[in-house]
Amino acid sequence: GDVYKRQTLMKFRALDFFPKLTEDLDKGSVIGGVLSVFAIIIGCFLFIREFQHFINPELVNTMSIQNDQSQQFIKVNIEINFPNAPCLGLSLDQQNEIGSHFADVHDNLEKIRLTSSGEIIPEYFGKGNASYFGSADEQKEMIEAILRGEGCKFKGFISIQKVPGNFHFSYHTRRDLYSYVMQADRNAFNKLDLNFKLVHLSFGEDKTIEYVGRIFKEKNGMSFSPYENFTVEGYTKREFDYYLKIVPNIYVESNGKKYTDIYQHSLMGKDNMIDENQGLPAVFFKYEVSPITITYTFFSPGIGSFLVQVCAIVGGFFAAFGMVNAYTASFMELFNIR
């Protein structure tokens with residue numbers, strides 16, 4: 001036992017980075033060896049962290065005001081479900097502060113019928129009958145669809161200008177059909193509401209959002225569609241007002257390639273009761289594009305900075321633990337521990 005103990009102490013003395021000058025010889029000490037082990041462990045930990053920072057660049061951002069006139073429109077990618085509102089008569093309309101107003105926008109937007117369980121109904125109302133619009137058949141089928149519990153899905157994209165405005169889902173373009181249901185069948189009318197599930201909402205080009213979004217999510221958990229599957233339910237006849245703040249983004253890769261058609265957004269809203277005899281339920285998304293652009297780039301310290309940091313770690317630990325060792329050795333000398 002004593003032999004093993006002496007051998008262990010000799011090993012720690014041999015490892016001592018801070019030998020003491022006693023008479024004309026430098027001798028290692030047990031406490032110096034122990035401190036050296038701690039210095040190696042902590043130094044290795046800091047070196048690994050510094051090396052990870054060197055090989056994994058950090059995503060940093062800067063803010064600026066851009067005056068880019070080349071992109072006047074923003075692509076809005078949207079998928080939204082209305083479980084208690086048949087597609088018949090329901091539309092998406094757009095308007096903005098410079099006077100543009102588009103009713104029943106559907107060029108790049110699908111309107112898909114849904115069963116009460118959310119399954120897709122492939123046939124559409126009217127089946128191409130030119131005289132169907134505004135007919136008694138349309139009115140009858142509207143009531144039947146409500147009573148069956150049909151819903152509606154909007155899926156696709158629209159384009160908005162970079163001026164304040166809104167896009168909204170409502171029966172505004174078919175007020176006549178909505179009014180007919182209200183007067184002809186109160187049971188059906190009471191079932192009709194615009195509760196919804198916002199399956200997806202993003203701004204910009206799909207492929208760019210997918211590529212850059214994957215990088216951002218890995219680095220800082222940021223998403224360009226943070227409100228996926230946002231659900232509003234349990235309301236009767238309401239007008240929902242949601243406010244969107246859209247912030248332009250630029251992503252610059254390490255090779256200098258820029259991605260510009262991407263946008264972050266925030267969403268907040270409220271609901272308002274409506275008088276069923278005067279107003280129509282609607283879901284408004286009122287937007288404003290920020291003048292501030294956020295530019296994201298990857299920052300990585302150069303090889304020179306990395307070597308300076310490594311030298312600082314080595315030198316700093318040698319100096320710091322040398323002082324700790326000197327003071328500790330003086331204290332331990334009182335107990336005659338070498």
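For clarity, every value in this text was computed on a predicted model and none was experimentally measured. Residue indices begin at 1 and follow the sequence shown.
Annotation: the span from Asn272 atom CG to Glu239 atom CD amounts to 6.0 Å, rounded to 0.5 Å. In this structure, Leu92 CG and Gln94 CD are separated by 6.0 Å, a value rounded to the nearest 0.5 Å. Distance CG/Asn108 to CG/Asn77: 10.5 Å, rounded to 0.5 Å.
Counted within 6.0 Å of NZ on Lys111, heavy atoms from surrounding residues, nucleotides or ligands total more than 12; the atom is thus considered enclosed. Residue Lys140 qualifies as open at atom NZ: its count of foreign heavy atoms under 6.0 Å is 12 or below.
Looking only at distances, a side-chain donor or acceptor of Thr231 sits under 3.5 Å from a matching main-chain atom of Asn229. Glu253 contributes no side-chain N or O that, together with a main-chain N or O of Thr297, makes up a donor-acceptor pair within less than 3.5 Å. Asp185 places no side-chain N or O within donor-acceptor distance of the main-chain N or O of Val181, the cut-off being under 3.5 Å.
The side-chain heavy atoms of Leu280 and Arg175, taken from C-beta on, include a pair separated by under 4.5 Å. At least one side-chain heavy atom of Lys191 sits under 4.5 Å from a side-chain heavy atom of Leu147. When side chains are defined from C-beta on, Ile160 does not count as touching Phe73, because their heavy atoms never get closer than 4.5 Å. When side chains are defined from C-beta on, Phe203 does not count as touching Phe157, because their heavy atoms never get closer than 4.5 Å. With contacts defined as side-chain heavy-atom distances shorter than 4.5 Å, the pair Lys245/Ser290 qualifies.
The ring of Tyr211 has its center closer than 6.0 angstrom to the ring center of Tyr259. For Phe154 and Phe169, the gap between ring centers is short of 6.0 Å.
When all heavy atoms of Val289 and Pro248 are compared, the closest pair comes out as CG1-CG, 4.1 Å. Taking each heavy atom of Ser170 and Leu194 in turn, the nearest pair found is CA-CD1, 4.3 Å. Nearest heavy atoms, Tyr124 versus Leu88: OH-N, 4.4 Å. In terms of heavy atoms, Pro86 sits closest to Tyr171 at O-OH, 3.2 Å. In plain terms, the two heavy atoms of Cys152 and Leu90 that are nearest each other are CB-CD2, 4.2 Å.
Under the salt bridge (charged side-chain N to carboxylate O under 4.0 Å, His left out) criterion, Lys286 pairs with Asp241, sequence neighbours left out. Residues that satisfy the ring pair (Phe, Tyr, Trp, His ring centres under 6.0 Å) test with Tyr263, not counting sequence neighbours, are absent from this structure.
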Next item on the list: Please step through side chain to side chain donor-acceptor pair (under 3.5 Å) for the pair Asn249 and Gln264, ending with a clear verdict.
Entry: CA-CA 7 Å; Asn249 283 193; Gln264 295 180 53; 2.7 Å; yes
Next item on the list: Check step by step if side-chain contact (heavy atoms from CB on, under 4.5 Å) holds for Leu198 and Asn81.
Entry: CA-CA 7 Å; Leu198 184 61; Asn81 296 345; over 6 Å; no
Next item on the list: Report the C-alpha separation of Thr208 and Thr260 in whole Å, then their side-chain angles, then the decisive distance to 0.1 Å, and conclude whether the side-chain contact (heavy atoms from CB on, under 4.5 Å) test is met.
Entry: CA-CA 9 Å; Thr208 304; Thr260 57; over 6 Å; no
Check: Please walk me through it: do Arg174 and Glu138 pass side-chain contact (heavy atoms from CB on, under 4.5 Å)?
Finding: CA-CA 12 Å; Arg174 295 303 311 278; Glu138 182 190 40; 2.7 Å; yes
Next item on the list: Give the intermediate values and the outcome of side-chain contact (heavy atoms from CB on, under 4.5 Å) for residues Ile146 and Phe189.
Entry: CA-CA 8 Å; Ile146 296 172; Phe189 180 75; over 6 Å; no
Indicate every side-chain donor-acceptor pair of residues 95-106 with a distance under 3.5 Å to a residue at least two apart or in another chain.
from: Asn96; atom 1: OD1; to: Ile98; atom 2: N; distance (Å): 3.1
from: Asn96; atom 1: OD1; to: Gly99; atom 2: N; distance (Å): 3.4
from: Asn96; atom 1: OD1; to: Ser100; atom 2: N; distance (Å): 3.2
from: Asn96; atom 1: ND2; to: Gln161; atom 2: OE1; distance (Å): 3.1
from: His106; atom 1: ND1; to: Asp104; atom 2: O; distance (Å): 2.7

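With no hydrogens or angles considered, a side-chain donor-acceptor pair links Asp93 and Ser91 at under 3.5 Å. With 3.5 Å as the limit, one finds no donor-acceptor pair spanning the side chains of Glu288 and Tyr243.
Below 30°, between 30° and 60°, or above 60°: for Phe167 and Phe285 the angle between ring planes is below 30°, a parallel geometry. Under the 30°/60° scheme for interplanar angles, the aromatic rings of Phe216 and Tyr251 are found to stand perpendicular.
Salt bridge Glu119/Arg113: absent, no basic N to carboxylate O contact under 4.0 Å. Salt bridge annotation for Glu150-Arg148: present, with a cationic side-chain nitrogen under 4.0 angstrom from a carboxylate oxygen.
Checked options Tyr287, Tyr227, Phe224; the residue passing with His265 is Tyr227 (criterion: ring-ring contact (aromatic ring centres under 6.0 Å, His included)).
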